[in-house]
Amino acid sequence: MSQNGNGTKAPKKNGRKKRRYMTMNAYTNAMLQFDQAVGVLGLTSDQVAMIKDPRKIIQLSLPVRMDDSSIRIFHAYRVQHSVIRGPAKGGVRFHQDVSLDEVKALALWMTMKCSVVNIPFGGGKGGIVVDPRTLSLGELERLSRRYFAALAEDIGPDQDVPAPDVNTNPQVMAWFMDTYSMRYNEYTPAVVTGKPLELGGSKGRDIATAQGTCYCLDEAAKHLEMDLEGAKVAIQGFGNAGSNAADMLVKKGAKVVAISDITGAYYNEKGIDIKAAIAWKNQHKSILTDFEQAGKAEKMDDPMKLLELPVDILIPAALENQISDQNADRVQARIIAEAANGPVTHLADQILGKKGTFIIPDILCNAGGVTVSYFEWVQNRMGFYWPKSKVTEELRWFMRKGFKATLHESLKHNVSMRVAAFIVAIERLTKAAELRGLYA
Ligand code: GLU
């Protein structure tokens, strides 16, 4: 049966040439996704020119004094993809594989993400090429502060508002906020989100990405008439998004049969005791090292096989390009909920679309994090803080609206949820760009 990735049958298309992209970097992937939606919308080249390219790219070489008193240079980036709908917004990741193309892709996805859930931000992303596990706490602090100091002219509550991403956390955000506040001699919590509660963080920000993913799964299950209770789930990545999603889904009655992180993948057909896994991780420097020894799961020989397990729901919650044309045809899940950014390549999308897999795309599925970042920014600017119940209620509202708008476009144009989410985002951006016009 031919399907279109939105749960409905698609008409057969004949005679279309297949193009293969040998190198699939994240930015190429993002461009292909963008172009596909532009094709459906039939935008003019002027309209595309106004919204496609990043508006500013900052590349830095940061000297940092190491504990042994030597100086080491770290390469870092901040890309502001768009400030059309509001200040640039998006996280900063610390990872040894960070590259400019990756940050450019992630920045574009942030623009789309903020637009899909209709929060008043553009998009940006930052990254430092570093494996933070190799640094002492002091080195990590000096690197974080040097990065933010170097960006001081380009960031600000109305310019660009960073946040946590892979391997960064509330402590790093506290250092960022302090560096900026000291530099301008003004307490400025709204310059960064994802801060500790004691420094103007928002209640519920820590679990927001997972919470947003779960709201999307509720809506997807309704649309597909499936039950989350008893559903089998596999989760790749056990960081903030993955571990909280696992916890929430178990509370909804789902069975999480596999989890993984950099130490490997762990499987239990009867369902993994997620509370035990989280406790284990907390006792082992935030990783699942030797979790099989807890007697709660077996270690899988090949962690990538987690993606191919016979489950109802697959949640990639780690890094980009995990499901590609190399393994997409072996993915068995009915729903893929992209808690990570860019986990499915453009080619894999085509393969999964034909199979009828329902993909909740990253720019919708993991938008809960930035949505509560928006609430944090609002609270900082008002100097008035919300109870958790208000955060949860507002988040549910934004996520449902985003999901419904996306599903509507998906059914209207008979396209996948990913193309539909880009359509929602691009239409809003184009309208805003037209209304603003050109400055000079
Ligand atoms: N890093 C998260 C993301 O990719 C959150 C960004 C933010 O809160 O600004 O969506």
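As the structure lists them, so they are numbered: ligands from 1, and atoms in each ligand from 1. Basis for what follows: all heavy atoms, side chains included, without hydrogens, waters or symmetry-related copies.
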| So, are K390 and E393 salt-bridged, with charged N and O less than 4.0 Å apart? | no

| said: Q36 vs V415, test: side chain to side chain contact (heavy atoms under 4.5 Å, CB included). Steps then yes/no. | reply: CA-CA 10 Å; Q36 204 182 348; V415 293; over 6 Å; no

| note | Taken to the nearest 0.5 Å, the spacing of E141 CD from T179 OG1 works out to 7.5 Å

| request: Using the side chain to side chain contact (heavy atoms under 4.5 Å, CB included) rule, take Q47 and E434 through it: C-alpha gap first, then chi angles, then the decisive distance, then the call. | output: CA-CA 8 Å; Q47 285 173 317; E434 258 159 26; 2.8 Å; yes

| remark: Short version for R93: what comes under 4.0 Å of ligand 1, heavy atoms counted, is neither

| query | In ligand 1, which numbered atoms sit nearer than 4.0 Å to a non-hydrogen atom of V370? | reply | 7 (C), 8 (O), 9 (O)

| task | Go through ligand 1 atom by atom and flag the ones less than 4.0 Å from a non-hydrogen atom of K113. | result | 3 (C), 4 (O), 10 (O)

| Between D154 and R78, is there a salt bridge with N-O shorter than 4.0 Å? | no

| task | Using a strict 4.0 Å threshold on nitrogen-to-oxygen distance, state whether D158 and R381 make a salt bridge. | result | yes

| said: So for G194, does at least one of its heavy atoms come nearer than 4.0 angstrom to any atom of ligand 1? | reply: no

| Does any donor atom in the side chain of N118 or R85 lie under 3.5 Å from an acceptor atom in the other side chain? | yes

| Numbering as shown, the atoms of ligand 1 that approach M110 to under 4.0 Å (heavy-atom distance) | 3 (C), 4 (O), 6 (C), 10 (O)

| task | Indicate yes or no: does an N/O atom of A163 lie under 3.5 Å from an N/O atom of ligand 1? | result | no

| task | If you have a sec, work out which protein heavy atom is nearest atom 9 (O) of ligand 1 and how many Å separate them, to one decimal? | result | K89 NZ, 2.7 Å

| task | Please could you name the atoms of ligand 1 that D165 approaches to less than 4.0 Å, counting only its heavy atoms? | result | 1 (N), 2 (C), 4 (O)

| said: Quick one, L364 and C216 - any side-chain contact, counting heavy atoms below 4.5 Å? | reply: yes

| task | May I ask you to identify, for L106, whether its side chain, its backbone, both or neither come under 4.0 Å of ligand 1 on a heavy-atom basis? | result | neither

| said: Yes or no: does P164 have any heavy atom under 4.0 Å from an atom of ligand 1? | reply: yes

| request: Indicate, as side chain, backbone, both or neither, the part of K125 found under 4.0 angstrom from ligand 1 when only non-hydrogen atoms are considered. | output: side chain

